[in-house]
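Sequence lines set the chain letters: A, B, ... in the order given, protein chains first and strands last, and positions in each chain run from 1.
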There are 2 protein chains.
Amino acid sequence: MATMTAAQRREQARREYDAFIKGCPTNQLLDRLSDKWVSLVVSALASGPMRYSDLGRKIAGVSPKMLTQTLRALERDGILTRQVTPSVPVRVDYELTPLGHSLALLLMAVKDWAETHIEQVHEARERYDAANEEQAA
Amino acid sequence: MATMTAAQRREQARREYDAFIKGCPTNQLLDRLSDKWVSLVVSALASGPMRYSDLGRKIAGVSPKMLTQTLRALERDGILTRQVTPSVPVRVDYELTPLGHSLALLLMAVKDWAETHIEQVHEARERYDAANEEQAA
DNA sequence: CAGCATCCCAACTGATACTG
DNA sequence: CAGTATCAGTTGGGATGCTG
């Protein structure tokens, strides 16, 4: 295998880099936050525990599938706890752990940045788009 | 149209919520950060300007398509600037704007959180997985 | 009430080849 | 060197119907 095409070499590099990225804590976290529903669930629970259907109602538009999937992932990561009360009908409460609350704090920092700078971003976009429309014409 | 199925009602709610989310600065920002390559590009440029192919090399495994796509999006958002020098061959430099640098700072905050807490997350995962394997057995 | 299993479609990704 | 155009593969997410 002395001969390796450029494609093969690049693919290997990609694989190694993927492994590197997956091992990087920052990217693991960004992967989590990137999930459309994670930030919403964490924000919703920041003010206190909630039941499954309450979450479903507060986060309008989420399908049961995604809600469960998100909650399970966050439970696995130790961000929240799942408390089942075996009554009839069943009752399930979700609550943030201390780790979860600390994540909520980080989320606030992100929120602050976003609200402080979003205006600049929008202005930049308008400038960019305006400049581009001239090209099209 | 007095009769609306549950599915239709939910879909409408989803659409409205999508619109709401898209208008929310925090989610706009998270959408950007969530992009696999954005954080890498911003980090790479945090220490100084770079040329297109330098970025391609530093961020091993990125395809030209994704690199260009990422750079264009960030340029549009005012995160970085694109400087073309019409020599032969062409030379293009990318550099973070002040806004971009402030974003890099936020990225550092995320990184700090990740590195501080990733251990807890991993422990939580092991506990969760261990508890689950018992179920399987 | 809380959740799982299944199917399915759309969107994004990445490889490849070509251009100014 | 710095991209663009095109195409195929993979995945994510929603709809739906059913269970403890």
If I take atom [atom1] in residue [X] and atom [atom2] in nucleotide [N], what distance separates them, rounded to the nearest angstrom?
X	N	atom1	atom2	result
A/M66	D/dA15	CE	P	12 Å
B/L55	D/dG3	CG	C1'	13 Å
B/L71	D/dC1	CG	C1'	14 Å

Below the 4.0 Å mark, does [N] have OP1 or OP2 next to a side-chain nitrogen or oxygen of [X]?
X	N	result
A/Y94	C/dG3	yes
A/R51	C/dA2	yes
B/W37	C/dG14	yes
A/S63	D/dA15	no

Got a donor-acceptor contact below 3.5 angstrom from the A/S53 side chain to the A/G56 backbone?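 No, the answer is negative, given that no donor and acceptor are paired below the 3.5 Å cut-off.
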Distance from A/L33 atom CG to B/L33 atom CG, nearest 0.5 Å? 8.5 Å
Using the 3.5 Å cut-off, write out each protein N or O paired with an N or O of nucleotides 4-11 of chain C and the distance between them.
from: C/dC4; atom 1: OP1; to: A/R72; atom 2: NH2; distance (Å): 2.9

Give the ring-plane orientation class for A/Y17 versus A/F20, where under 30° counts as parallel, over 60° as perpendicular and anything between as tilted. tilted
Knowing that exactly one of B/R51, B/R82, B/E75, B/Q83 qualifies, which makes a side-chain hydrogen bond (donor to acceptor under 3.5 Å, both in side chains) with B/Y94?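 The option that passes is B/R82.
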Kindly give the heavy-atom pair with the smallest separation between A/Y52 and A/P64, and that separation in Å.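 Between these two residues, the closest heavy atoms are OH-O, 3.2 Å.
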